[in-house]
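Single-structure report; data block below.
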Amino acid sequence: MDLVAFRSALLAWYDAEARDLPWRVRPAARGAGVRPDPYAVWLSEVMLQQTTVPHAAPYWQAFLQRWPTVADLAAAEDAEVMAAWAGLGYYARARNLLRCARAVAGEHGGALPDSYDRLRALPGLGDYTAAAVAAIAFDRPATVVDGNVERVIARVFAVEAPLPASKPELKRLAGEVTDITRPGDWAQAMMDLGATICTPRAPKCLLCPLTAHCAARRGDPELYPRKAPKRERPRRYGAVYVLTRGGETALVRRPGHGLLGGMLGLPTTEWRDRAWSLDEAVAVAPTAADWRQAGRVEHLFTHFALSLLVLRAEGDADAAWTRDLSVLPSVFLKAARVGQGALL
DNA sequence: TAACCGTGGAC
DNA sequence: TGTCCAAGGTT
């Protein structure tokens, strides 16, 4: 491996081909001394965890507009932030985002720390995000390894060990090739390459600046990174209750941890491994009413599939009543629409 | 360590 | 319809 040629090839590609992302300071501007807002970088990195750019981008814009600084976010109400996160998924990120903002406001004078170690100690910043913020926001040397980097490195070195056991080896190799003269650009270049050229399927090797250095190209790059087989996804069953009072819908606040923790949701039964009959669901309904079956909703979570029986009734109960269903996680939004007869 | 934790788009 | 997967973190 010719490290000098490898590094200059990737950075030259990035200088020419860097994508225009809303939170990005492009390499030319960065070279001219422009520095990104660390708060904006941190927010983007958290939102992008296991989330695509098109999905995260509008949330990032909305958060920055509504809470322009860490102090603004730290002062926000929990319910407001959770509602603004609704639909983005992995809601522990939003809970940790608030915890982190309040820690920064209270213990760091309102400014994100600029070292990996202190960033890593904050809620919601793991190895990847702490390294990414250190590199991108502060241009600190750091080994930034996300799924893109793992794939690029696994291919360049034709790593035969399967993920996730190979993570330490991939990180070690990523650290060895990292260019520490332009940490922020290097991190983004590796990730951009993985996102646009060295893709999981049908990688565009003919356009890749690293082909001369890539061991996997002697065979089929798509075989890398090798992966351990996954567990199969079980199915669970529940019933949800769409109780309306005029144009309002009854919602409940979910417990502050676990699945959809801290979010508003529809009242629901336990989610078990056996289907619910209509009679069973009526028997445990949150309030006595003329419950009718409105339909069924299928939803896929990461580690199980959910089949929901949707019951609907008009009535009253002790609940949070709202007309704004955009505060709901997607699974409940789907059920609420079925319950209200908007069958689409 | 492995399980848990969302969502929507691509194929 | 099924499968994979995306700038992962926490427990």
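Numbered from 1 within each chain, the chains take letters A, B, ... in sequence-line order. Since the model is a prediction, treat every value here as computed from it, not as a measurement.
The distance from atom NZ of A/Lys167 to atom P of C/dA7 is 12 Å, rounded to the nearest whole Å. Here the P atom of nucleotide C/dG9 and the NZ atom of A/Lys171 are 10 Å apart, to the nearest Å. Going from atom CZ of A/Arg231 over to atom P of C/dC4 covers 14 Å, rounded to whole Å. Rounding to whole angstrom units, CG of residue A/Leu122 and P of C/dG8 are separated by 19 Å. One can place CH2 of A/Trp42 at 14 Å from P of C/dG9, the figure rounded to the nearest angstrom. C/dG8 atom P lies 5 Å from atom CD of A/Gln50, rounded to whole Å. Regarding A/Leu48, its CG atom lies at a distance of 12 Å from the P atom of C/dG9, rounded to whole Å. Following rounding to the nearest Å, A/Gln49 (CD) and C/dG8 (C1') show an atom-to-atom distance of 5 Å.
Counting any heavy atom pair closer than 4.0 Å across all strands shown, A/Thr129 reaches sugar-phosphate atoms only and no base atom. Using a 4.0 Å heavy-atom criterion, one finds that A/Pro329 contacts the sugar-phosphate atoms exclusively. In this structure, A/Leu306 reaches neither bases nor backbone, as no heavy-atom distance under 4.0 Å exists between it and the strands shown. Heavy atoms of A/Lys334 sit nowhere under 4.0 angstrom from any nucleic acid atom. Within the 4.0 angstrom heavy-atom criterion, base atoms lie near A/Thr51. Backbone-only engagement by A/Pro123 is indicated by non-hydrogen atom pairs under 4.0 Å involving sugar-phosphate atoms exclusively.
On the nucleic acid side, DNA chain B contacts chain A at distances under 4.0 Å to non-hydrogen atoms, with the end points of that region at B/dA3 to B/dG8.
Interface residues of residues 6-20 of chain A facing DNA chain C, ordered by number: A/Arg19; criterion, heavy-atom separation under 4.0 Å. Less than 4.0 Å separates DNA chain B from at least one heavy atom of each of the following residues of residues 81-99 of chain A: A/Gly87, A/Leu88, A/Gly89, A/Tyr90, A/Tyr91. Taken residue by residue, residues 181-189 of chain A places no heavy atom nearer than 4.0 Å to DNA chain C. Shown for residues 60-74 of chain A: no residue has heavy atoms falling under 4.0 angstrom of DNA chain B. Within residues 141-160 of chain A, the residues that have a heavy atom under 4.0 Å from DNA chain C are, in order of number, A/Asp146, A/Gly147, A/Asn148, A/Arg151. Of the residues in residues 258-273 of chain A, those placing a heavy atom less than 4.0 Å from an atom of DNA chain B are A/Gly258, A/Leu259, A/Leu260, in numerical order.
Evaluation of the salt bridge (charged side-chain N to carboxylate O under 4.0 Å, His left out) test over residues 253-273 of chain A, restricted to residues two or more places apart or in two chains, returns A/Arg272-A/Glu280.
Both A/Arg24 and A/Gly124 lie close to DNA chain C; mapped to their nearest nucleotides by heavy-atom distance, the more 5′-ward contact belongs to A/Arg24. Between A/Pro164 and A/His299, the residue anchored closer to the 5' end of DNA chain B is A/Pro164, taking for each the nucleotide with the nearest heavy atom. Sequence order on DNA chain C of the closest nucleotides to A/Gly126 and A/Arg235 puts A/Arg235 first from the 5' end.
A/Arg35 contributes a side-chain N or O that, together with a main-chain N or O of A/Arg30, makes up a donor-acceptor pair within less than 3.5 Å.
A/Arg7 forms no cation-pi arrangement with A/Trp186, by the criterion of a distance under 6.0 Å to the ring centre and an angle within 45° of the ring axis. Cation-pi geometry between A/Arg236 and A/Phe304 is met: under 6.0 angstrom from the ring centre, within 45 degrees of the axis.
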Contacts under 3.5 angstrom, residues 153-163 of chain A side chains, donor-acceptor by atom type, not counting sequence neighbours:
{"unit_1": "A/Arg155", "atom_1": "NE", "unit_2": "A/Pro221", "atom_2": "O", "d": "2.9"}
{"unit_1": "A/Arg155", "atom_1": "NE", "unit_2": "A/Tyr224", "atom_2": "O", "d": "3.0"}
{"unit_1": "A/Arg155", "atom_1": "NH1", "unit_2": "A/Cys198", "atom_2": "O", "d": "3.3"}
{"unit_1": "A/Arg155", "atom_1": "NH1", "unit_2": "A/Thr199", "atom_2": "O", "d": "2.7"}
{"unit_1": "A/Arg155", "atom_1": "NH2", "unit_2": "A/Thr199", "atom_2": "O", "d": "3.1"}
{"unit_1": "A/Arg155", "atom_1": "NH2", "unit_2": "A/Pro200", "atom_2": "O", "d": "3.1"}
{"unit_1": "A/Arg155", "atom_1": "NH2", "unit_2": "A/Tyr224", "atom_2": "O", "d": "3.2"}
{"unit_1": "A/Glu160", "atom_1": "OE1", "unit_2": "A/Arg226", "atom_2": "NE", "d": "2.6"}
{"unit_1": "A/Glu160", "atom_1": "OE1", "unit_2": "A/Arg226", "atom_2": "NH2", "d": "3.0"}
{"unit_1": "A/Glu160", "atom_1": "OE2", "unit_2": "A/Tyr224", "atom_2": "OH", "d": "2.5"}

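Side chains of A/Glu45 and A/Thr129: no donor on one and acceptor on the other come within 3.5 Å. With 3.5 Å as the limit, one finds no donor-acceptor pair spanning the side chains of A/Arg93 and A/Gln49. One side chain, A/Thr181 or A/Asp179, offers a donor N or O that lies under 3.5 Å from an acceptor on the other. A donor-acceptor contact under 3.5 angstrom links the side chains of A/Tyr116 and A/Asp127, judged on distance only. Of the N and O atoms on the side chains of A/Asp324 and A/Ser326, at least one donor lies less than 3.5 Å from an acceptor on the other residue. With 3.5 Å as the limit, one finds no donor-acceptor pair spanning the side chains of A/Arg235 and A/Ser307. For the residue pair A/Tyr90/A/Thr302, the side-chain donor-acceptor check at 3.5 Å is satisfied.
We find that A/Arg99 and A/Asp78 are not joined by a salt bridge, their nearest charged nitrogen and carboxylate oxygen being 4.0 Å or further apart. Ion pairing of A/Glu298 with A/Lys334 is absent here, as no side-chain N (NZ or NE/NH1/NH2) approaches a carboxylate O to less than 4.0 Å. Salt bridge A/Glu150/A/Lys167: present, at least one basic N to carboxylate O contact under 4.0 Å.
For the OP1/OP2 pair of C/dC5 and a distance below 4.0 Å, the side-chain nitrogens and oxygens of A/Lys230 include at least one atom meeting the criterion.
Taking a 4.5 Å side-chain heavy-atom cut-off between Ile, Leu, Val, Met, Phe, Trp and Tyr, the cluster of A/Val34 extends to A/Val25.
If you take CG on A/Asp185 and CG on A/Asp15, they are separated by 6.5 Å, rounding to the nearest 0.5 Å. Atom CG of A/Leu325 and atom CG of A/Leu333 lie 6.5 Å apart (nearest 0.5 Å). With rounding to the nearest 0.5 angstrom, the CH2 atom of A/Trp60 is 7.5 Å from the CG atom of A/Leu43.
Shown here are the salt bridge (Lys or Arg N to Asp or Glu O under 4.0 Å) partners of A/Glu17, two or more places apart in sequence or in another chain: there are none. The side chain to side chain contact (heavy atoms under 4.5 Å, CB included) test applied to A/Ala228 returns A/Pro164, not counting sequence neighbours.
For the P atoms, the distance from B/dC5 to C/dA7 is 23 Å, rounded to whole Å.
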Go through A/Phe63 and A/Val46 one step at a time and tell me if the side-chain contact (heavy atoms from CB on, under 4.5 Å) criterion holds. CA-CA 12 Å; A/Phe63 268 67; A/Val46 173; over 6 Å; no

